[in-house]
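Each remark here refers to the structure printed beneath this line.
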Number of protein chains: 2
Amino acid sequence: MILNLDPRSNTPIWEQVVHQIKELILKEILQPEDKLPSVRELSGTLLINPNTVSKAYQELERQGIIETLRGKGTFVSASITPRADEQKITEMKQQIKQLVIEASYLGIDQQTLAEWIKKFSAELGGSNKYVKND
Amino acid sequence: MILNLDPRSNTPIWEQVVHQIKELILKEILQPEDKLPSVRELSGTLLINPNTVSKAYQELERQGIIETLRGKGTFVSASITPRADEQKITEMKQQIKQLVIEASYLGIDQQTLAEWIKKFSAELGGSNKYVKND
DNA sequence: ACGTGTGTATTATTATGTATAGTACACTTA
DNA sequence: TAAGTGTACTATACATAATAATACACACGT
């Protein structure tokens with residue numbers, strides 16, 4: 001598995017791993033019950049520390065995205081259920097608010113933002129499995 | 001000036017100050033050439049270190065949002081020009097991509113995201129001064 | 001000239017998070 | 001048994017954030 005990691009990014013490496021694996025699952029490149037690379041293998045290909053990969057896997061498991069079986073490996077969860085986590089939704093709204101503010105100072109209007117959202121949604125596979133009314 | 005700071009947030013205090021001052025300017029609560037509180041005064045009301053306020057002010061000046069006059073104080077810039085900073089736009093696209101991914105796992109569709117953007121845009125004053133075609 | 005209020009610079013200290021390194025343990029499977 | 005799994009633990013290094021204390025240069029009103 002090949003991920004694009006940016007060591008100079010302000011987002012931690014383990015978090016980049018989490019993000020990109022979630023993206024691969026949405027794109028169905030990783031499918032339910034697929035086996036993920038072992039901690040040692042992935043740390044080898046990504047040239048990062050095994051502990052960093054382990055931290056990413058633990059976070060993914062905490063979110064219910066993957067499951068780990070001792071001695072066997074880690075696998076994409078058979079069924080990923082979207083949780084309407086109220087706190088996360090609040091955080092997301094705050095993030096969007098901040099996004100709109102920054103966009104204003106860059107001369108970007110809301111319509112452009114909406115178009116970008118539409119574009120990325122399409123890239124992730126038009127019919128989104130995890131959205132309720134779908 | 002009263003700002004809502006969250007010491008437990010992962011975003012640094014100085015960055016929260018930057019964000020909220022930019023928001024106040026968009027809402028025209030702070031207007032061009034208005035004087036901002038002095039570093040010491042704001043640090044007093046917010047109960048944070050003067051250096052933290054200073055760092056926020058320096059970042060705002062770097063972005064051309066405010067101007068500082070030695071011995072006089074800091075003021076909202078007379079004219080704020082939106083810069084189409086390509087790097088920042090690229091970062092914003094990446095941020096939106098990540099937002100769409102996270103939204104998917106929360107069961108939020110793109111339409112809802114677009115509506116939230118519209119809502120926050122309205123809150124910031126419908127006619128946005130810093131957007132070109134406006 | 002003086003004192004006060006500006007932003008700024010500097011040094012030091014503390015705390016936190018990230019990432020690495022090395023080692024060890026419990027488990028599963030061939 | 002041996003190899004491969006995830007995990008736990010300690011230790012180290014590094015960067016950033018935040019605070020504290022001090023000092024400097026400038027503007028302004030008296």
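Residue numbering restarts at 1 for every chain, and letters A, B, ... go by the order of the sequence lines.
- With hydrogens and angles ignored, no donor-acceptor pair under 3.5 angstrom links the side chain of A/Arg40 to the base of D/dG4.
- A/Lys35 has its NZ atom 12 Å from the P atom of C/dT29, to the nearest Å.
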Pairs: protein N or O with nucleotides 13-15 of chain D N or O, under 3.5 Å:
none

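- Checked by atom type and distance alone, the side chain of A/Glu67 never pairs as donor or acceptor with a backbone atom of A/Thr74 at under 3.5 Å.
- For the residue pair A/Thr112/A/Asp109, the side-chain donor-acceptor check at 3.5 Å is satisfied.
- Using a 4.0 Å heavy-atom cutoff across all strands shown, A/Leu69 reaches no nucleic acid atom at all.
- For D/dA17, the OP1/OP2 oxygens have a side-chain nitrogen or oxygen of B/Lys55 closer than 4.0 Å.
- Rounded to whole Å, the distance from CD on A/Glu41 to C1' on D/dG4 is 11 Å.
- Across the interface with DNA chain D, nearest-nucleotide mapping of B/Leu47 and A/Gln58 shows A/Gln58 to be the residue nearer the 5′ end.
- A donor and an acceptor atom, one from each side chain of B/Gln98 and B/Gln94, are nowhere located under 3.5 Å apart.
- With salt bridges taken as basic N to acidic carboxylate O contacts below 4.0 Å, none links A/Glu15 and A/Lys55.
- Phosphate contact (OP1/OP2 of C/dT6, side-chain N/O of B/Thr74, threshold under 4.0 Å): absent.
- A search for side chain to side chain donor-acceptor pair (under 3.5 Å) contacts involving A/Lys97 returns B/Glu23, not counting sequence neighbours.
- Counting to the nearest Å, the C1' atom of C/dT20 and the CG atom of A/Leu42 are 16 Å from each other.
- Place A/Trp14 and A/Lys72 on DNA chain C by their nearest nucleotides, and A/Trp14 ends up nearer the 5' end.
- B/Glu67 comes within contact range of no nucleotide atom at all, as no heavy-atom separation falls under 4.0 Å.
- Distance CD (A/Glu59) to P (C/dA19): 13 Å, rounded to an integer number of Å.
- Nucleotide C/dG5 holds its C1' atom 12 Å from the CZ atom of B/Phe75, rounded to whole Å.
- Atom CD of A/Gln31 has more than 12 heavy atoms from other residues, nucleotides or ligands within 6.0 Å.
- Residues A/Leu69 and A/Ile80 fall into different hydrophobic clusters, defined by Ile, Leu, Val, Met, Phe, Trp and Tyr side chains chained together at heavy-atom separations under 4.5 Å.
- Here C/dG7 is the nucleotide among C/dG7, C/dT20, D/dT7 with the atom lying nearest to any side-chain atom of B/Val39.
- The side chain of B/Asn49 has D/dA20 as its nearest neighbour among D/dG6, C/dA19, D/dA20.
- Summarising the geometry of A/Lys72 relative to A/Lys35, their closest heavy-atom pair is O-CE, 3.7 Å, with the distance given to 0.1 Å.
- Distance B/Ile66 CD1 to C/dT6 P: 14 Å, rounded to the nearest Å.
- The side chain of A/Thr52 has C/dA19 as its nearest neighbour among C/dT8, D/dA17, C/dA19.
- Here the nucleotide nearest the side chain of B/Asn51, chosen from D/dA20, C/dA19, C/dG7, is D/dA20.
- Protein atom CZ of B/Arg70 is 15 Å distant from nucleotide atom P of C/dT6, rounded to whole Å.
- The separation between A/Glu61 atom CD and D/dT5 atom C1' is 13 Å, rounded to whole Å.
- In the set C/dA19, D/dT7, C/dT20, the nucleotide with an atom closest to the side chain of A/Pro12 is C/dA19.
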